[in-house]
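Here's the structure, in structure tokens; my notes come after.
If you're wondering where the values come from, they're calculated on a predicted model, not measured in any experiment. Below, chains carry the letters A, B, ... as their sequence lines are ordered, and counting in each starts from 1.
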There are 2 protein chains.
Amino acid sequence: MSVSLASMRAEHPGIFADGCPTRTVLDHVMGKWGILVLLTLSDGTQRWGALRRNIDGISEKMLASTLKTLEADGLVLRTAYPEVPPRVEYALTDLGHDLMTHVIPLMGWVADNANDIVGPRE
Amino acid sequence: MSVSLASMRAEHPGIFADGCPTRTVLDHVMGKWGILVLLTLSDGTQRWGALRRNIDGISEKMLASTLKTLEADGLVLRTAYPEVPPRVEYALTDLGHDLMTHVIPLMGWVADNANDIVGPRE
DNA sequence: CAGCATCCACCTCGATACTG
DNA sequence: CAGTATCGAGGTGGATGCTG
């Protein structure tokens, strides 16, 4: 495991350069909604409607496109049941869970420190 | 330290809701450039010109506005020396270093897995 | 229920030029 | 060297209405 940008650069030359895959991952995962979707799914499999309700402020359009991107990235698994009415469930893949292993502590830090950062100003 | 979204919600009711400070922090830190600036600064104090060169693809405008936001957030410290020619140095604050403690491992994971995520498709 | 299609307002961002 | 000012294209994302 790398412990600094310099050591990461030593292992992966050109890392984080323009056009590097890491940039794409960053854009997908770190975007406005990506993290919130993944975070919500880290609580367990959920249906479309549940996601929509649990992620405050997200529109159907953004939920759909975010889920599609994350599914294509192999972080989210979509399972549609051929029933009437339709039922579709979303869950994290193993890769997604692995990612959240690192993201959850970060979110914990953000939750603990958000008021110190934003609070004094706004 | 929380280990799940549910436990975070137990500690901080309304966390990650619309308008919650965590949303603002997420937008600042996780934006396209915020993470890259913080990551570059985690290697140590750097001057404006060095940052511009080290962060591939960033424009002067975005570097300026990103630095201003992060400085206002208390994550980055700006020090201007009253010299001719001007010299300005940027460094992480203690809060910034604390944040990067959690971000660096995540970036390591991204570096190791980016090809698995993006590679097969693009 | 779980979406997709369309429209469009905003806002981010890059390019360029200029300043102390 | 370290920025600021201005402009304009393009993308993000919200609102609405419709479908299987």
Self-check item: Of the listed nucleotides D:dT4, C:dG14, C:dT6, the one nearest the side chain of B:S59
Solution: C:dG14
Exercise. May I have the distance from A:E83 (atom CD) to C:dG3 (atom P), rounded to whole angstrom?
Key: 13 Å
Exercise. Please report the shortest heavy-atom distance between A:Q46 and A:T40, naming the atom on each side.
Key: NE2-O, 2.9 Å
Quiz item: Taking atom P of D:dA2 as reference, at what distance in whole Å does atom CG of B:L51 sit?
Solution: 9 Å
Exercise. Could you state the atom-to-atom distance from OH of B:Y81 to C1' of D:dC1 in whole Å?
Key: 15 Å
Quiz item: Quick one: does A:L99's side chain get under 4.5 Å of B:L106's, heavy atoms only?
Solution: yes
Quiz item: Rounded to the Å, how far apart are A:Q46 CD and C:dA2 C1'?
Solution: 15 Å
Quiz item: Got a sec: does the CG of B:D18 have more than 12 other heavy atoms crowding it under 6.0 Å?
Solution: yes
Quiz item: Quick one: is C:dC4 close enough that its OP1 or OP2 comes under 4.0 Å of any side-chain N or O from A:K68?
Solution: yes
Quiz item: Could you state the CG-P distance from B:L63 to C:dA15, rounded to the nearest angstrom?
Solution: 14 Å
Self-check item: Distance, rounded to the nearest Å, where B:L67 contributes CG and D:dT4 contributes P
Solution: 10 Å
Quiz item: Given C:dA2, is OP1 or OP2 found less than 4.0 Å from the side-chain N or O atoms of A:R53?
Solution: no
Quiz item: 5'-most contact on DNA chain C: A:P85 or A:A64, nearest heavy atom basis?
Solution: A:P85
Quiz prompt | Lys/Arg-Asp/Glu bridge criterion (N-O < 4.0 Å) met for B:E11, B:R9 | solution = no
Practice problem: Would you check if the side chain of B:T93 reaches a backbone N or O of B:L77 as a donor-acceptor pair within less than 3.5 Å? | Solution: no
Quiz item: Between D:dG14, C:dC4, C:dG14, which nucleotide has the shortest distance from any of its atoms to the side chain of B:W33?
Solution: C:dG14
Exercise. Looking at every strand, decide which applies to B:R47 at a 4.0 Å heavy-atom threshold: base, sugar-phosphate, or nothing.
Key: sugar-phosphate
Quiz item: Taking the side chain of B:W48 as its heavy atoms from C-beta onward, which of D:dA2, C:dG14, D:dG13 lies nearest to it?
Solution: D:dA2
Self-check item: B:K61 NZ to D:dG8 P, straight-line distance once rounded to whole Å
Solution: 13 Å
Quiz prompt | Interatomic distance where CD1 belongs to B:I58 and P belongs to C:dT12 [whole Å] | solution = 15 Å
Exercise. Look at all strands and tell whether B:Y90 reaches a base, only sugar-phosphate, or nothing, counting heavy atoms closer than 4.0 Å.
Key: sugar-phosphate
Quiz item: Under 4.0 Å: is that the gap between some side-chain N or O of A:R78 and OP1 or OP2 of C:dG3?
Solution: yes
Practice problem: Tell me which nucleotide among D:dG17, C:dG14, D:dG13 gets nearest to the side chain of A:M62. | Solution: D:dG13
Quiz item: Among C:dC1, D:dT4, C:dG14, which is the nearest nucleotide to the side chain of A:P86?
Solution: C:dC1
